[in-house]
Amino acid sequence: MHDVPLLGVGVNRHDTTPGASRKVGREVPGDGESHEGKKNRGAARRRGRHARRRTCRRAVLGWCPVTQASRDWWRDAVIYQVYIRSFADGNGDGEGDIAGLRERLPYVRDLGIDALWINPWYPSPLNDGGYDVADFRDIDPRFGDLVQAKSLLDEAHGLGLKVLLDIVPNHSSWDHRWFREALAAGPGSPERARYIFRDGRGPDGALPPNNWRSVFGGLAWERVTEPDGTPGQWYFHIFDVSQPDFDWENPEVRAEFLDILRFWFDLGVDGFRIDVAHGMVKNMAGPDLPYDESGLLDRPSIADHPFFDRDGVHDIYRGWREVADSYDPPRLYVAEAWVEPAERLARYLRDDELHSAFNFGYLKSAWTAADLRRSIDDSVSTLASVGAPATWVLENHDVERVVTRYGRDVTAAGTGHAGKAKGPVDVELGTRRARAAALLMLALPGGAYVYQGQELGLPEVLDLPEGSLQDPVWERSGHTERGRDGCRVPLPWSVSGSSYGFGSGGAWLPQPAGWGELSVEAEDGDPASMLSLYRDGLRLRRSIPSVEPLTWIDETADDVVAFQRGRGFACVVNLGATPSTLPAHREVILASGPLDADGRLPTDTAVWLAV
Ligand code: NOJ
């Protein structure tokens with residue numbers, strides 16, 4: 001093997017071959033590089049929103065200190081997703097909580113991320129993992145209370161970390177006070193008008209108002225029993241039956257959410273991830289939909305969808321933006337919007353709407369050079385048209401872990417739910433690819449998301465006992481889709497001990513044997529571990545000049561993804577079947593695996609180069 005370090009900088013050199021040349025290709029427009037964006041960009045510049053925040057005057061990759069202007073911190077931030085129920089259990093009840101998170105904040109800080117995004121922690125029956133909120137202004141006692149939440153915010157801020165929460169505006173839990181009032185008040189009441197109630201079809205209203213289906217399977221309508229005991233109206237729920245949709249035509253609903261935003265911003269929260277940001281506004285008079293029986297979770301891809309990505313949603317976000325901008329520093333919004341094509345997503349990121357969005361197009365890309373390049377080009381240039389940065393996502397609590405997905409024959413992700421089995425998994429192959437994917441993601445311009453456990457290389461737990469499955473998808477699919485629990489198994493913190501250090505009282509989902517080998521304790525200090533790779537990648541990423549757009553290096557083979565950021569930094573990923581010769585470079589800064597004896601880049605390996 002060639003003597004190149006997997007990790008670390010400037011230890012060993014892989015010098016440029018004398019006379020080697022580098023051909024740098026077309027530049028992908030970065031922030032404000034493109035045509036249509038000029039107008040937006042001008043406006044944004046005037047307001048100073050696009051101030052470049054990493055100003056490094058020293059030589060490229062000269063490891064200069066990073067200066068962050070707080071208003072724009074999010075444009076190339078790495079945000080760590082905390083699925084609180086599975087992160088760390090401080091009170092020993094088997095479920096993660098604020099106390100556990102507070103204890104582990106130094107771990108998170110030492111990873112080198114900029115912010116946390118915490119999944120819903122509100123009071124909830126947890127029918128959908130907390131995305132069924134019973135009170136938007138409180139904390140579920142299983143997770144803690146508002147006093148602890150405030151302490152968490154203060155401690156995180158003290159460590160230089162921002163904190164984003166998750167807001168769920170499309171629906172509430174059926175345990176929410178408003179929904180209970182709606183049931184009690186009966187048809188035609190103002191209480192019912194906060195949700196979407198309709199009379200059924202047929203002479204006695206026994207048929208649902210239309211054929212629309214829930215994303216989790218089954219009908220999107222549920223019939224209620226009226227206060228007098230008779231079968232009554234139907235209410236609409238895109239997700240589980242326990243998650244009734246709000247009626248966003250109702251000004252009371254709009255006002256309520258503006259107030260909820262202010263409540264948390266006043267407490268010190270730095271921003272929100274918006275759940276189903278492409279939902280909320282509906283055309284309830286829309287027609288029946290053509291469903292494909294083969295894909296339960298695949299929603300029909302039709303123009304003018306009656307409940308996703310409707311133009312009216314943008315008015316809501318203009319109002320939300322005003323609230324965020326009324327704070328100093330301004331608060332942030334990140335959209336969870338499964339919207340395609342990228343041009344549609346860009347509409348959410350116009351200057352007076354949301355700041356950023358998860359790049360699910362990238363998450364869904366197959367592990368092939370062509371797919372990744374296409375997705376990168378598409379994302380960067382389309383979002384630049386509205387002056388928004390791209391973001392890069394490989395995992396979250398809804399999709400199959402990347403180590404598992406990339407270890408399959410089919411590497412492209414499905415619709416956003418981990419459900420379908422796609423054949424055997426080669427975890428070693430998946431891990432090698434996930435390592436390379438991590439370096440690729442962290443080298444791209446814009447922001448990135450890391451889902452808890454991704455930094456440990458956790459695989460999807462595919463063999464959870466059926467009796468332990470909690471995702472509503474399992475029941476609603478008639479036990480044909482196992483759902484998303486496999487990526488939500490509580491984290492292993494130690495090699496052994498009760499629930500591998502997750503907490504003293506077991507874990508709410510069973511952890512597989514061997515989980516301890518992937519624990520923080522096992523990987524800490526091991527230079528070959530996924531954890532070390534992430535730590536090094538996150539640390540070194542701070543020296544990639546963020547002002548520099550991505551420029552493809554065209555000299556490499558078609559199945560190699562290679563690009564520069566400015567004149568000093570390059571990232572090369574080999575997705576081909578044979579080793580690839582590296583472009584001319586001064587030094588290998590970081591590699592996801594060893595180079596071969598001739599200094600070539602093996603299959604499924606990535607390197608960062610000083611060039
Ligand atoms: C998206 C969330 O990420 C997912 O976990 C949840 O089930 C749905 N929205 C419904 O809130």
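Remember, it's 1-based here, ligands and their atoms both numbered in the order they're listed. Since this is a predicted model, take the numbers as computed values, not measurements. Hydrogens, waters and symmetry mates are skipped; everything else that's a heavy atom, side chains included, is used.
Every atom of ligand 1 is numbered from 1 in the order shown, and the set under 4.0 Å from a heavy atom of Asp398 is 1 (C), 2 (C), 3 (O), 4 (C), 5 (O). Close approach of ligand 1 to Arg488 (heavy-atom distance below 4.0 Å) involves ligand atoms 5 (O). Residue contact check: Arg484 has heavy atoms under 4.0 Å from atoms 4 (C), 5 (O), 6 (C), 7 (O) of ligand 1. Counting atoms of ligand 1 from 1 in the listed order, those under 4.0 Å from a heavy atom of His397 are 2 (C), 3 (O), 4 (C), 5 (O). Below 4.0 Å from some heavy atom of Val276 lie the following atoms of ligand 1, by number and element: 9 (N). Applying the 4.0 Å criterion to heavy atoms of His171 picks out, from ligand 1, the atoms 10 (C), 11 (O). Near Phe239, with a cut-off below 4.0 Å to any heavy atom, the atoms of ligand 1 are 8 (C), 10 (C).
Ring centroids of Phe239 and Tyr131 are separated by 6.0 Å or more, keeping the two rings apart. Here the two rings, on Trp117 and Tyr80, have centers that are 6.0 Å apart or farther.
With respect to Phe179, the ring-ring contact (aromatic ring centres under 6.0 Å, His included) criterion is satisfied by exactly one of Tyr235, Phe246, Trp174: Tyr235. Checked against Glu460 for a side-chain contact (heavy atoms from CB on, under 4.5 Å), the options Arg488, Arg484, Arg401, Arg405 give a single hit: Arg401.
A side-chain donor-acceptor contact under 3.5 Å links Tyr122 to the backbone of Asp166. The backbone N or O of Ile238 sits less than 3.5 Å from a side-chain atom of Asp245, completing a donor-acceptor pair.
Put simply, part of Arg273 is less than 4.0 Å from ligand 1, judged by heavy atoms.
Cation-pi geometry between Arg194 and Trp178 is met: under 6.0 angstrom from the ring centre, within 45 degrees of the axis.
When non-hydrogen atoms are compared, ligand 1 lies under 4.0 Å from the side chain of Phe216 (C-beta onward) but not from its backbone.
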